[in-house]
Structures are given as C-alpha cells and as structure tokens.
Amino acid sequence: MDKQRDFVLRTIEERGVKFVRLWFTDVLGTLKSVAIAPAEVEGAFTEGLGIDGSSIEGLSRSSEADVIAKADPSTFQVLPWRGEIDPTARMFCDIATPDGQPAAADPRHVLKRTLAKAADLGFSFYTHPECEFYLLKSADVHHPEPVDRAGYFDNVPGGTAHDFRRASVRMLEDIGISVEFSHHEAGPGQNEIDLRYADALSTADNIMTFRTVVKEVAIQEGVYATFMPKPFEGQPGSGMHTHMSLFEGERNAFHDPAGQYQLSKVGRQFVAGLLHHAPEFTAVTNQFVNSYKRMWSGDEAPSYVSWGHNNRSALVRVPLSKPNKAQSARVEYRGLDSAANPYLAFSVLLAAGLKGIEEGYELPEEATDDVWALSDRERRALGFTPLPASLDRALQHMEESELVAETLGEQVFEYFLRNKREDWQRYRAQVTRVELESNLLSL
C-alpha cells in the first residue's frame, strides 16, 4: 500500500496533475465525484475526506450522516479526456464511518464482503462484461433518434459509431482498461464494447469508468450515449451479458475435461445456484421499470429460468471451453442490464453461485430448444419458470429472499426496496400513450 501511495504522489508531481477526483457510487450505482487539490491527496489516504452521507442516495441515515471517503491508491488513473490543460486524475474510494469501520451501505464494500466470503471458501471471482448501449443524435428525451440505421456487426466507413468506438477504445486503453473487442450491435445506433476478464472488484470499477468514458467521448463526438435498458420500441434492449468463473489459486474451478461441456461439478453447482435464486435477485440485476421491457420483448433477452450450451435464449449459457485451455472455462449470465449497479449485481450473482456450491444444488435439465419459441405449456412441462415480468413482481421476490438480504446487508436491502417501490408507484400512476391511443376516443 505504501508503494502504491508513493507511486500516486510521484505521478501527480511528474504529470503536473492539478485536480484529483475521488469517485464512489450510491446504492443505485450513480457515480459520485468530489475534486481535491494535489496537496490533499496524502490526507485522503490516511484520514479520508468527510462527506454528508445522508445527502447521497441510501448511503447513510440522517442520524449517521457523517461518513469518510478514503481513496484507494490502486485505482489511480489520469483522465485522458481532461487534456493537458489542468490535468485531472481519479481514484475510487471506500466509504467508512467516523470510527473507521466500513460503511454498511457502500456498494463497493458489499462486493468486497461477498468476495471475502468466496475467499474463505478458497475461491477468487473473475468477470468479463459485454456492455451494450445506444448512441443518439441529440439529448431530446421526447423524440430520441439513433445516430445510424446500421445492424449487427455492420461496418459503416466514416460513420459516427465507427469513429466513436475507435476513440472510446483508445481512451479506455489509455487509462489501463483492456478491451477485448467492439462492434455495432443489432439495433440502430446500438454498440457493444467488451472489457477483458479481471477480478470482480476491478471489473466493477472498470464498468463505472467505462460508462463515464462512453458519455465523455459521445459528447466530444457531438452525440449522446444511453445505457437505458430499452430506449426504443421494436428494437433490441441493451444488456450486459457477463462471463464468470471461479479460480482456486491458479486453477480454474469451473474446468473439468471429463465433464459435460468441460464444466466441473463446482461449475454445475454454481449455475444451479444462479438459476435457483435468479427470481430473487432480478430486482438488483434489473433495477428499472424499463428493464422488464427489455427482458420480455425477445431479441436475445432471457425471460425464463433455464441454462444451455450456446443457447442464446437461455438465462445462463455454458460456452464450450477452447480445447486444452482450462483457463477459459466460464459461464455467462445473460439477464444483467447495462445500467445495473455492478457492485451489487456481481455481489448477488456470486452469492447465488456460492450458495449452489455450499448446498450442493443439482443442475436441472439443459434447454436445447429455443425457449422463446416454445409454448407456455411446453415451457411448464420442461420446468422453465418465468423470471419476474415487472419491477413490482421482482421486488416481491426480493423482499422474501434471505440470500439477497444477507448479501446486501440490512441498510442497502431496505433502502433499495423502498426506492424501487417509489419508482413503481410513479410508473403505475402514469397514463401512457398506448392507453390514450386505445381508449381516449373509443370509450
């Protein structure tokens, strides 16, 4: 830690950094930032920076308002979009109480706590997200228009999205975030950038940085980026399919050359845990009213609890590992939104998988057919139960879940439920365009 701090202080001096932004998130995953002068950085390591936690969504109760943001020197990066004038850097923070204890409602701490449980079982957790989003011509929320009419993997020479992806990947690489590949997705103006495998905490930090980079580059290119799950009717939604694996030291615990699809017993139990608890944690991985319009509109968004091999209609997919490459064994959870809080989402996914391992859950039969194409009767016969069809239903499942309550902790659990119930009530009270078109003049 001392070496990391020394590196940060030396880099600030050598690069002429004028401001250092301390980043953290609220319970919903909104990025928060406070800028400090270079002279204050050493104090941010040792004493932290006092902030009013009661003004941050869900971070602390009014009676416990004061919290401390302590900078994590391992996350230091100079922000390339600030340029050479007044160079600016950032570090993520851990939020603590005045007596130095981790704040119960800090999403980063929730993930750290879940990772510690995995470590107690001998596992480290790695993730690889595929992040989808839309590029819009303007910030007009009433008449959003995509920047192009291109489709999946289309090459658009000189097109806005083409230039945008190149600039974004270059900027991500400049701040140490490795990109596996990028391409145009299926929807008009829709793009995908895949981040390389990393430990789950680094991945969650990288996702928060990634969203900021995407929005900053979009503004520089004269367009706007949105991670809204389903911005356009009749077009695919934006998910964040996430590949996951557990390692025991250097060994991939999901790999067994003799197992079906080379998936080990531990891997099968992990998948069984994901499937068993999926309805309980869906409110966390899909936290918006709009999320359920993505999930229930087809277009490769999973709607039923099932798993399969290279079956993109399944909630969990088990890709075939590359021959003689045990490190690549993994499972892919396809239900996650691009707009989810990654710290909380990775926490509940990991907790569900570990529960499957601890309790020895049995993996149900594989889905070999297109789950969307089956009739309701066929899906019931095969045991493919539906995921929650609305935020309201997802919150009901979550409220009854001991696993989610234990994973998030009392304060995050209660705040999340309360906040999302308010979202649902606002949505339910609206009179929609569909209702007006269908009923206003005919009734």
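Since this is a predicted model, take the numbers as computed values, not measurements. We count residues from 1, following the sequence as given.
Using a 4.0 Å cut-off between charged side-chain N and carboxylate O, R108 and D94 make a salt bridge. Salt bridge present: R421 and E399 bring a charged side-chain N and a carboxylate O closer than 4.0 Å. Under the 4.0 Å criterion applied to side-chain N and carboxylate O atoms, K355 and E406 are not assigned as salt-bridge partners. Taking a cutoff of 4.0 Å between a charged side-chain nitrogen and a carboxylate oxygen, R166 and D163 qualify as a salt bridge.
Within 6.0 Å of atom OH in Y224, 12 or fewer heavy atoms from other residues, nucleotides or ligands are found, so the atom counts as exposed in its surroundings. At most 12 non-hydrogen atoms from other residues, nucleotides or ligands lie less than 6.0 angstrom from OH of Y427. For Q425, the CD atom sits in a packed shell: over 12 heavy atoms of surrounding residues, nucleotides or ligands are nearer than 6.0 Å.
Using cut-offs of 30° and 60° for the angle between ring planes, the H243 and H128 rings count as tilted. Ring geometry for F125 versus F270: interplanar angle of 30 to 60°, hence tilted. Ring pair F164/F133 is perpendicular by interplanar angle, where above 60° counts as perpendicular and below 30° as parallel.
When all heavy atoms are compared, the tightest approach of P302 to R294 is CD-NH2, 4.3 Å.
Cation-pi geometry between K215 and F210 is not satisfied (NZ or CZ under 6.0 Å from the ring centre, within 45° of the ring normal).
When D337, L344, V348, T242 are each tested for a side chain to side chain contact (heavy atoms under 4.5 Å, CB included) with T285, only one passes: V348.
Applying the side-chain hydrogen bond (donor to acceptor under 3.5 Å, both in side chains) test to every pair with at least one member in residues 40-51, sequence neighbours left out, gives no pairs at all.
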